[in-house]
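In what follows, chains are A, B, ... by sequence order, proteins preceding strands, each numbered from 1.
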Protein chains: 2
Amino acid sequence: MRIGELSARTDIPRRMLRYYEEQELIASTRAANGYREYAEETVERVAQIRELLDVGLPTRIIREILPCLGVPRVIRFPAPTPEMVGSLREELDRVQTRIDILTRHRDAMACYLDSVMAHDSGHQPNICVQ
Amino acid sequence: MRIGELSARTDIPRRMLRYYEEQELIASTRAANGYREYAEETVERVAQIRELLDVGLPTRIIREILPCLGVPRVIRFPAPTPEMVGSLREELDRVQTRIDILTRHRDAMACYLDSVMAHDSGHQPNICVQ
DNA sequence: GTGGACCTTCACATATATGCGAGGGTTCCA
DNA sequence: TGGAACCCTCGCATATATGTGAAGGTCCAC
C-alpha cells in the first residue's frame, strides 16, 4: 500500500511515517515512480511504534527492541548475535526499571486518593509511606 | 541551602534546578541578596522529579501529581478540591496505561530472550503471542 | 581591596518528535 | 487536456528538556 493508505489506516500523519522510516523503525520499497510501497504488516508495526512512543520511549530504544517484537505478533529468529542479545537484555532492564518507578508512583497516587476518600467519609486519613 | 549545595547533593545542574522552579516543580525563597534558598526536603523532591522525568513523564504531569507524592514520603491533605481529585484520577489512569503497555512489551522481550536461549541449547523455539 | 567562588538573569544552541507548506512530479478520470 | 488527488523532497517552525556562556552582582579570605 502507499503512504496515504497507511496513514489513513493507522491515523498517523504521512509526515510522521516518513520520519519513522528515516529513524529506521519501518521500511518501504519504492515503486518505479518513486512512491513508497508498504507491506501489510506495517500497519500493525506502526501501531506498536505509537504505543511505545506514547509510553515515553525514544526512537533509539524502539529501534532496538522492535526487531524482537515481531509482526505478526510471533517472534522470529533473525540469527541474533551475542551483542544483540546483550543489548536487548539491557533494554529489558531499563524497561523493567521504568515499570518499577511508575508502579511506585502509581501506588502513592492511589493511596493518596484512598486517603482523600476516607477523609471525606469521616475516617482517619491513611498514612502512606512509599 | 543555596543552589550550589542542592546541585551537588542531587547531582542535577543548577541550570536544571532553575528550570524546575520555572516549571513550578520546586520552590525557593530569596535571601536579601537575591540568592535562592532551598528547604532541606527539596533534595528528596528533586530526586522524585528526576525519577519521573527519567520515566518519561513531562513536567506538566509531574507538576500535577507531585503534590500528592508528599515529601517526606507521607501524604498530606492540602484540602484537595473535587477538580484536583478528578484530574489526579485521570493521571492515575494514564500512568496505569503506561505501566500496562510497558509490561506487555517487557513480556514480549523477555519471551524473545527465553526463546533465543532455548534455541541456543538446542530446544525448539517458543512461540510468543502477545 | 582584590581574586576567586558563588550567585543572578538572559540569550543562544542542541536533540527529539512534531506540524506546515512550498515547489514539483505522477496518475487518473471527465 | 486539464484538474484533482496523489506522491516526492526540502526546509522552516514549534515545544520540551537540556547545555553553554556572557555580563554582572555578592561574599569571603588573604
Side-chain angles (χ1 to χ4, degrees), chain A residues 1-39 42-43 45-66 91 94-95 98 101-102 105, chain B residues 1-39 42-43 45-66 91 94-95 98 101-102 105:
Chain A
M1 89 202 70
R2 290 185 311 201
I3 202 168
E5 184 182 342
L6 182 59
S7 172
R9 289 174 62 184
T10 57
D11 204 39
I12 301 295
R14 289 144 215 248
R15 173 73 177 83
M16 282 298 97
L17 296 174
R18 296 193 190 102
Y19 175 68
Y20 298 159
E21 182 171 331
E22 188 192 314
Q23 298 297 308
E24 295 178 84
L25 303 182
I26 58 178
S28 69
T29 57
R30 294 301 179 114
N33 57 12
Y35 289 9
R36 269 165 259 254
E37 269 299 325
Y38 296 99
T42 315
V43 174
R45 191 164 174 104
V46 168
Q48 281 186 303
I49 292 168
R50 274 313 328 167
E51 272 197 341
L52 293 168
L53 277 173
D54 286 342
V55 119
L57 297 186
T59 52
R60 199 199 87 246
I61 292 181
I62 298 178
R63 178 168 44 246
E64 191 141 1
I65 70 181
L66 258 188
E91 276 324 321
R94 286 194 204 105
V95 168
R98 270 173 125 94
I101 293 175
L102 281 169
H105 288 289
Chain B
M1 89 202 71
R2 289 184 313 199
I3 202 169
E5 185 182 341
L6 182 59
S7 172
R9 288 174 62 183
T10 57
D11 206 38
I12 302 295
R14 290 144 217 248
R15 173 71 177 83
M16 282 299 96
L17 296 174
R18 296 194 190 102
Y19 175 69
Y20 298 158
E21 182 171 331
E22 190 190 314
Q23 297 298 308
E24 296 179 81
L25 303 182
I26 57 176
S28 67
T29 56
R30 295 300 179 116
N33 55 14
Y35 289 9
R36 270 165 259 256
E37 269 300 325
Y38 296 100
T42 314
V43 173
R45 190 161 174 105
V46 169
Q48 280 186 304
I49 292 168
R50 276 312 329 166
E51 273 196 342
L52 293 167
L53 277 173
D54 286 342
V55 121
L57 297 186
T59 53
R60 199 199 88 244
I61 292 181
I62 298 178
R63 178 167 44 247
E64 191 143 359
I65 70 182
L66 258 189
E91 274 326 320
R94 286 195 203 105
V95 168
R98 270 173 126 93
I101 294 174
L102 281 170
H105 288 289

Residues at least two apart in sequence or cross-chain that pass side-chain hydrogen bond (donor to acceptor under 3.5 Å, both in side chains) with A:Glu64, listed by chain then number, are A:Ser87

Contact check, side chains of A:Tyr20 and A:Leu53, non-hydrogen atoms, under 4.5 Å:
yes

Here the distance between atom C1' of D:dC6 and atom OH of A:Tyr38, to the nearest Å, is 14 Å

Give each protein N/O atom lying under 3.5 Å from an N/O atom of nucleotides 14-17 of chain C, with the pair distance.
unit_1, atom_1, unit_2, atom_2, d
C:dA17, OP1, A:Thr59, N, 2.7
C:dA17, OP1, A:Thr59, OG1, 3.4
C:dA17, OP2, A:Tyr19, OH, 2.6
C:dA17, OP2, A:Thr59, OG1, 2.7

To the nearest angstrom, the CD-P distance between B:Glu21 and C:dC7 comes to 13 Å

Across all chains, not counting sequence neighbours, the side-chain contact (heavy atoms from CB on, under 4.5 Å) partners of A:Pro58 are A:Arg60, A:Ile61

* With distance as the sole test, does A:Thr10 use its side chain to make a donor-acceptor pair with the main-chain N or O of A:Leu6 at under 3.5 Å? -> yes

The bend of the helix from C:dG1-D:dC30 to C:dA30-D:dT1, taken between the axes of its five terminal pairs at each end and rounded to 10°, is 20°

Result block: side-chain N/O donor-acceptor pairs under 3.5 angstrom for residues 25-34 of chain B, not counting sequence neighbours:
unit_1, atom_1, unit_2, atom_2, d
B:Ser28, OG, B:Glu21, OE1, 3.1
B:Ser28, OG, B:Glu21, OE2, 3.1
B:Arg30, NH1, B:Gly34, O, 3.0
B:Asn33, OD1, B:Tyr35, N, 3.0

Residues passing the salt bridge (Lys or Arg N to Asp or Glu O under 4.0 Å) test with A:Arg9, sequence neighbours excluded, are A:Glu5, A:Glu40

Got a list of protein N/O to nucleotides 25-30 of chain C N/O distances below 3.5 Å?
unit_1, atom_1, unit_2, atom_2, d
C:dG25, N2, A:Tyr35, OH, 2.8
C:dT26, O4', A:Tyr35, OH, 3.4
C:dT27, OP1, A:Asn33, ND2, 3.0

Those residues at least two apart in sequence (or on a different chain) that pass salt bridge (Lys or Arg N to Asp or Glu O under 4.0 Å) with B:Arg50 are B:Asp54

Comparing A:Arg18 with B:Arg18, nearest DNA chain D nucleotide closer to 5' gives the residue A:Arg18

How about A:Met1 and A:Val43: do any of their side-chain heavy atoms sit closer than 4.5 Å? yes

Do A:Gln48 and A:Leu66 have side chains that approach each other closer than 4.5 Å (heavy atoms only, starting at C-beta)? yes

Contacts of B:Glu37 meeting salt bridge (Lys or Arg N to Asp or Glu O under 4.0 Å) (sequence neighbours excluded), chain-then-number -> none

Q.
Could you walk me through whether A:Ile65 and A:Leu57 satisfy the side chain to side chain contact (heavy atoms under 4.5 Å, CB included) test, starting with their C-alpha distance in whole Å, then the side-chain angles of each, then the deciding distance to 0.1 Å, before giving a yes or no?
A. CA-CA 10 Å; A:Ile65 70 181; A:Leu57 297 186; 4.0 Å; yes

Sorted by number, residues from residues 6-15 of chain B placing a heavy atom under 4.0 Å from DNA chain C are B:Arg14, B:Arg15

- Check whether any side-chain N or O of B:Arg36 sits under 4.0 Å from OP1 or OP2 of D:dT26, and answer yes or no. no

Across all chains, not counting sequence neighbours, the side-chain contact (heavy atoms from CB on, under 4.5 Å) partners of B:Arg14 are B:Ile3, B:Ser7, B:Arg18

To the nearest angstrom, the CD1-P distance between B:Ile26 and D:dA17 comes to 14 Å

Across all chains, not counting sequence neighbours, the side-chain contact (heavy atoms from CB on, under 4.5 Å) partners of B:Ala8 are none

